[in-house]
Structure formats: structure tokens, C-alpha cells
Q: 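Quick one: the structure is below, questions incoming.
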Amino acid sequence: MVRLEAAGLFADGGRACEVAGRLRISLKSAYQWQKTWRDGGAAALASSGPAGQRCKLSVRCQEKLAAYLEEGPAAHGWDQDQVWTGARVATLIGRKFHVSYSISGATRLVRRLGFTPQVPARRAAERDEQAVASWKEATWEQVKPPGRPAKGWICFEDEAGFTRRPPTGRTWGRRGTTPVVKVNGRRSGRVSVAGLIAMRPDSRTRLCHRLRLHTGRKGERRSLSEHDYIELIDGMHQLVQAPIVLVWDRLNTHVSHAMRDLIDARDWLTVFVLPAYAPELNAVEYLWAHIKRSLANLASVTLDRLETLVRNRLKRLQYHPDTLNGFVAGTGLSLDPPPSP
């Protein structure tokens, strides 16, 4: 495309130095293109395709190879792990297409097909994909408008724990020398947090949270109780002054008899339970990932200091509804009503 544009400039009387400055190419290339244009015209500057040896696989075979790679290594006999390597791709090409490829050649071919080295997302083997799809199609239609109560808010709830041993994040370091981060060696104490994201199409997205410190003392509860969760929900109800449609997971505290009694005593509260092993449908899961990423490589701190940091991160997000909307969008669940027939 740049070569043809240069040919047009040469045809209009442009000099090589002017073309080089306008198209941001080297002066040497501009003079070479000008000479080629004089000898053969604009057709001589047309691209002749990529250099090097032609691909051994046809376009149809490349499409089949991409489909094989998307099936995963286990589908082709490598069931001890779930990793595609250059050697395995070269072996797969030999088995399926009877063509010999080197490891480096197979790697370059895979890149041309649009594959890149990535860290895969984890998904439970016990997950029922049919149940997840059914929940998204049937249950979610009852949660979102017009299924939800008039002026009701849709709320996602989830909980997380933070310890003084922070997650590891990327940082700069000298080549060949791995950076070292000093953390607490003891695992005593943690901060339990329950978060609630409330949304309604015509209102600003809200965030409420509740924190509890667990110091590890004998006889102390090590998680949030039913009353902690219900107080969080009551706080959101007082904030929005409207019915609440709550969506959360199957945590034992969420489905206990005590929690059922507390839910039944509130006529403004409707609860829907997510399918098992489907964290990607809960917007608060993305909230925890965002906060933990901001606490990566945290220096050695006391438990009270850790509580303050987590509380400040959550407080800051309360003033960024667009970020909260991004967490909701990450679930892939749309609030738009189904199209009328």
C-alpha cells in the first residue's frame, strides 16, 4: 500500500526526498522505489507476496490444523497435561497431513494461524456446561427486566479472603536475575470480605462491602456468618430503597437453613443461585481480581494495615461506576430485554 502511494507521488512530480519525509521511509528506499517506478511503472512497485518458502500446507489444511489445535492436546493423545508445544504440533502435522515440519517451522506456522503463547484460564472438570447454558438462557431471563420487580435492583454477591502473603505480580528486574519480594512467613490471620454490586439500567451502579478480621485465635470463627451477609444485604436495601434480586453462588453459608429463614423474613428480597463451578457469571469475581492485582508484591504489613489497604481499594471503587459496569460486562450477561416477536 505504501509503495503504491509512493508511485502516485512520483507520478505527480514528487522528489525522492519529499516522498521519504511524507511516507516516513528511509531516503535510500525512496530512491530505490523511484528507480523501480521509472523502469516499470506502478506495477513494478506492487507487492510480490511474502518472501521465503511457500507453506507446505494448503489453506484448507491450515484451517483443519487450527480446528485440531482448538480441540486441545488431550483430544489427540496427549492427556497427561494440557499444553501445546512446538514438538507436539509438528507431530500432529505429520500424523494428520503426512508432512514433515521442524519444531521452529511448526511454531511459526501456528503463529501465522493466529495462536500465541498464553496462560490458560482454569475451569473445574466437574462443571456442567449444559446447566450453565440453561441458567443463562432461562434463569437470567427471570432476573433481568422485565422479570425483576418494578424498580428492583439486581445484585451480585461474593466473598474473598486476603492474607499477609500477597499474590505475585510482574515487576522490572535485571535480565537473568529473578527479583525477590519479602513477605510474611507466618500465615496467621486473614481479612474476609463480602462484596455486593448492585445495578439498575437507569441508575448508577453501587458497591457495598463488609470486612471481618480473623486473627487465628482459638474458638474464633474463620469466615463470615449468615448475619454478616444479611447485614450487608440490608445495608444495600437501605441505600437503594427498592426491592433486591440477589444472585450468588452455592456457598454453604448461602444455602443454610439459618440463611433461608433470614431470606424468607424479607419480602423485598428474591434470591437466585448460580450454577456450580461458574465463577465467570459473578461480577464480584472480577472485582476481587482487580483488587488482588493492585495488592501484588505487597510488602510485609500487619493485619490491621492490610485491612486498611483493602478497605481503601473498595472505597475508591465506589466512586468509579464505569469500572463496576466493566465488571458486570465481563460476565457476558445482558440487561436488555428479549426482542419482541
Side-chain angles (χ1 to χ4, degrees), residues 1-78 82-121 169-177 280 286 293 322-323 325-326 329-330 332 334 336 339:
M1 195 68 181
V2 178
R3 290 170 176 262
L4 296 179
E5 188 176 354
L9 295 176
F10 291 142
D12 294 339
R15 296 182 300 174
C17 57
E18 297 174 350
V19 174
R22 184 168 179 177
L23 300 181
R24 297 182 180 180
I25 61 176
S26 65
L27 191 59
K28 180 180 178 181
S29 297
Y31 277 111
Q32 289 178 346
W33 291 1
Q34 187 180 41
K35 182 178 182 302
T36 304
W37 172 77
R38 287 174 179 173
D39 295 340
L45 288 176
S47 175
S48 58
Q53 186 180 4
R54 297 181 60 183
C55 184
K56 299 178 183 180
L57 299 180
S58 64
V59 176
R60 184 178 179 183
C61 291
Q62 293 180 35
E63 294 175 353
K64 289 184 177 181
L65 176 61
Y68 292 148
L69 295 176
E70 290 176 351
E71 292 175 357
H76 300 280
W78 293 285
Q82 303 177 63
V83 179
W84 277 121
T85 63
R88 290 181 177 180
V89 175
T91 303
L92 179 66
I93 294 174
R95 289 178 181 176
K96 299 295 184 180
F97 308 106
H98 307 287
V99 176
S100 177
Y101 258 88
S102 64
I103 296 178
S104 59
T107 303
R108 290 193 296 269
L109 175 60
V110 169
R111 286 184 178 274
R112 287 201 300 270
L113 294 178
F115 291 82
T116 57
Q118 301 179 35
V119 178
R170 297 175 62 183
T171 183
W172 289 100
R174 187 176 294 277
R175 185 182 293 110
T177 304
E280 75 279 1
Y286 301 93
R293 191 181 303 114
D322 292 339
T323 304
N325 292 333
S334 174
D336 299 328

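Quick note: numbers below take in every heavy atom, side chains included, and nothing from hydrogens, waters or symmetry partners.
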Q: How long is the gap from CG on L69 to NE2 on H76, to the nearest 0.5 Å?
A: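 Rounded to the nearest 0.5 Å, the CG-NE2 separation comes out at 7.5 Å.
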Q: Measure across Y68 and K96 and return the closest heavy-atom pair with its distance rounded to 0.1 Å.
A: CE1-CG, 3.7 Å
Q: Looking at R22 and L9, what are the two nearest heavy atoms and their distance?
A: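 That would be NH1-CD2, 3.4 Å.
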Q: Rounded to the nearest 0.5 Å, how far apart are OG of S29 and CZ of R24?
A: 16.0 Å
Q: Roughly how far, to the nearest 0.5 Å, is CH2 of W84 from CG of L92?
A: 4.5 Å
Q: side-chain contact (heavy atoms from CB on, under 4.5 Å), that's the test. Do Y101 and L57 meet it? Break it down for me.
A: CA-CA 10 Å; Y101 258 88; L57 299 180; 4.3 Å; yes
Q: State the CG-CH2 distance between L4 and W33, to the nearest 0.5 angstrom.
A: 9.5 Å
Q: So, taking the atom named CG in L65 and the one named CZ in F115, what distance separates them when rounded to the nearest 0.5 Å?
A: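 The CG atom of L65 sits 7.5 Å away from the CZ atom of F115.
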Q: Taking all heavy atoms of Q62 and all of C55, pick out the closest pair and write down the distance.
A: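 The pair with the smallest heavy-atom distance is NE2-SG, 3.4 Å.
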Q: With a 4.5 Å limit on heavy-atom distance, are the side chains of P117 and R111 in contact?
A: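 They are in contact (side-chain heavy atoms under 4.5 Å apart), so the answer is yes.
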Q: Under 6.0 Å from the NZ atom of K56, do we count more than 12 heavy atoms belonging to anything else shown?
A: yes
Q: Identify the two heavy atoms, one from A6 and one from V19, that lie closest to each other, and give their separation to 0.1 Å.
A: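 Looking at all heavy atoms of both residues, the closest pair is CB-CG1, 4.0 Å.
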Q: Is the count of non-hydrogen atoms from other residues, nucleotides or ligands lying under 6.0 Å from Q82 atom CD greater than 12?
A: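 At most 12 heavy atoms, drawn from other residues, nucleotides or ligands, come within 6.0 Å of this atom.
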Q: Which heavy atom of V83 sits nearest to which heavy atom of R88, and what is that distance?
A: O-NH1, 2.6 Å
Q: Can you check whether E280's main-chain N or O pairs, donor with acceptor, with Y286's side chain at less than 3.5 Å?
A: yes
Q: Take V89 and L109, measure what side-chain contact (heavy atoms from CB on, under 4.5 Å) needs, and give me the verdict at the end.
A: CA-CA 10 Å; V89 175; L109 175 60; over 6 Å; no
Q: For a quick test of reading the model, state the closest non-hydrogen atom pair linking S102 to A90 and the distance between them.
A: O-CB, 4.2 Å
Q: Quick one: pull up CG in D39 and CG in L45 and give me the separation to the nearest 0.5 Å.
A: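 Between D39 CG and L45 CG, I get 10.0 Å after rounding to 0.5 Å.
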